[in-house]
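Data first, discussion second: the structure below is written as structure tokens.
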2 protein chains.
Amino acid sequence: MNKQDQLNMIKEDFINCQKVLLAIGDETRQAILLVLMGTDCQTGLRVGEITEQTHLSRPAVSHHLKILRDAGIILMRKEGTKNFYYINVRTELGLLRTLVLDIDNFLQNFYSNDGILEG
Amino acid sequence: MNKQDQLNMIKEDFINCQKVLLAIGDETRQAILLVLMGTDCQTGLRVGEITEQTHLSRPAVSHHLKILRDAGIILMRKEGTKNFYYINVRTELGLLRTLVLDIDNFLQNFYSNDGILEG
DNA sequence: TTGAATGGTTTAATTTAACGAACCATATCT
DNA sequence: AGATATGGTTCGTTAAATTAAACCATTCAA
């Protein structure tokens, strides 16, 4: 694969994980993720329970949960009026791994000291 | 390593790559990175040259370059009044890889169907 | 030493994101 | 149906990020 192909791939990677990057770049959402990861198994947590463990209002939590959900990082299960949120085991963070790996590859191929090939 | 230890590790990871996440989460900065990666070898590009390849003003480019530099993703070399910017081969994107790997590990240990251990 | 080139920074305006009060929708229970 | 619990959404406000004009600092050439 030549240089331009790799660059296009990285460009695609950026597009694919755009939502994920914005979602986990926010410290509040990182805190929410850690709260969710701290719960036993996959039963998930209700919005109210998450709110209690943060300094935020319920609407704010709801807002951040939506962003995390749109990014494919968490999932929701309805149960009556209760909504349980939990980490998506098949999380879209894999897209991030792809991005990082592709960049690593690129740098190794075209920026390493022992072999500048030029595309 | 138990569950809480892993959670603390992920918490650290988030702190460590906070700047990186914010830096590459912005589409404009992604475009700048792609421009830098597209240049032949490591001579780097001047601010003026980067400006020409974007829709931005020079101050805006300068602003974004500073953010990318603070995050350890790019480096600068001065040559007279000219400043050359280039990708940091030892880029701090490695911190991102660590984060993703740690989360993957965590999910595999505590959220996989075949073995919920509880910490 | 003047003039031109290069690019950081400051400032002010615009855009975008985050936030909570108030509100609305839905489900459950009596 | 009425009352309660739960949580999405709307709306106006506040906070933060992005942007370009204007400005300042440094280097080099004539």
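Below, chain A is the first sequence line, B the second, and so on; all start at residue 1.
Applying the salt bridge (Lys or Arg N to Asp or Glu O under 4.0 Å) test to pairs two or more places apart or on separate chains, those with a residue in residues 95-110 of chain A are A:R97-B:D104, A:D104-B:R97. Pairs of residues two or more places apart, or lying in two chains, that qualify as salt bridge (Lys or Arg N to Asp or Glu O under 4.0 Å) and include a residue from residues 70-85 of chain A are A:R77-A:E79. Residue pairs meeting the ring-ring contact (aromatic ring centres under 6.0 Å, His included) criterion with at least one member in residues 74-106 of chain A, sequence neighbours excluded: A:F106-A:F110, A:F106-A:Y111.
Counting heavy atoms from C-beta on, the side chains of B:I74 and B:N88 never come closer than 4.5 Å. Within the 4.5 Å cutoff, no side-chain heavy atoms of B:M76 are placed close to those of B:L65.
The side-chain contact (heavy atoms from CB on, under 4.5 Å) test applied to A:S57 returns A:P59, A:A60, not counting sequence neighbours. Scanning for side-chain contact (heavy atoms from CB on, under 4.5 Å) contacts around A:T51 gives A:V47, A:R58, A:V61, with sequence neighbours left out. Considering only residues two or more places apart in sequence or on other chains, B:N105 meets the side chain to side chain donor-acceptor pair (under 3.5 Å) condition with none of them. For A:E92, the side-chain contact (heavy atoms from CB on, under 4.5 Å) criterion is met by A:V20, A:L95, not counting sequence neighbours.
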Any protein N or O atoms within reach of nucleotides 20-27 of chain C? Criterion: under 3.5 Å, listing atom names and distances.
residue, atom, partner, partner atom, Å
C:dG20, OP2, A:S57, N, 2.8
C:dG20, OP2, A:S57, OG, 2.8

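In this structure, A:M1 shares a hydrophobic cluster with A:M9, the cluster being traced through Ile, Leu, Val, Met, Phe, Trp and Tyr side chains under 4.5 angstrom apart.
Rounded to a whole Å, the NZ atom of A:K66 is 15 Å from the C1' atom of C:dA18. For B:R46 and D:dT27, the CZ to C1' distance is 14 Å, given to the nearest whole Å. Put simply, CZ on B:F84 is 13 Å from C1' on C:dA5, counting in whole angstrom units. Spacing between atom CG of A:L65 and atom P of D:dG7 amounts to 10 Å, rounded to whole angstrom units. Per the geometry, NE2 belonging to B:H63 stands 13 Å off C1' belonging to C:dT15, to the nearest Å. What separates CD1 of B:I32 from C1' of C:dG7 is a distance of 14 Å, to the nearest Å. Here the P atom of nucleotide D:dC28 and the NZ atom of B:K78 are 11 Å apart, to the nearest Å. Taking atom NZ of residue A:K82 and atom P of nucleotide D:dG7, one finds them 7 Å apart after rounding to whole Å.
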Given pairs defined as Watson-Crick or G-U wobble with both distances under 3.5 Å, what dot-bracket annotation applies to DNA chain C, with ( ) intrastrand, [ ] crossing, | other strand and . unpaired?
|||||||.||||||||||||||.|||||||
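The phosphate of D:dT19 (OP1 or OP2) has a side-chain N or O of B:H64 nearer than 4.0 angstrom.
A heavy atom lying under 4.0 Å from DNA chain D marks none of the residues of residues 19-29 of chain A.
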Which donor-acceptor pairs under 3.5 Å do side chains of residues 22-38 of chain A form with protein atoms, sequence neighbours excluded?
residue, atom, partner, partner atom, Å
A:D26, OD2, A:T28, N, 2.9
A:D26, OD2, A:R29, N, 3.1
A:R29, NE, A:A23, O, 2.7
A:R29, NH1, A:H64, ND1, 3.0
A:R29, NH2, A:L22, O, 3.0
A:Q30, NE2, A:I24, O, 2.8
A:Q30, NE2, B:Q18, OE1, 2.8

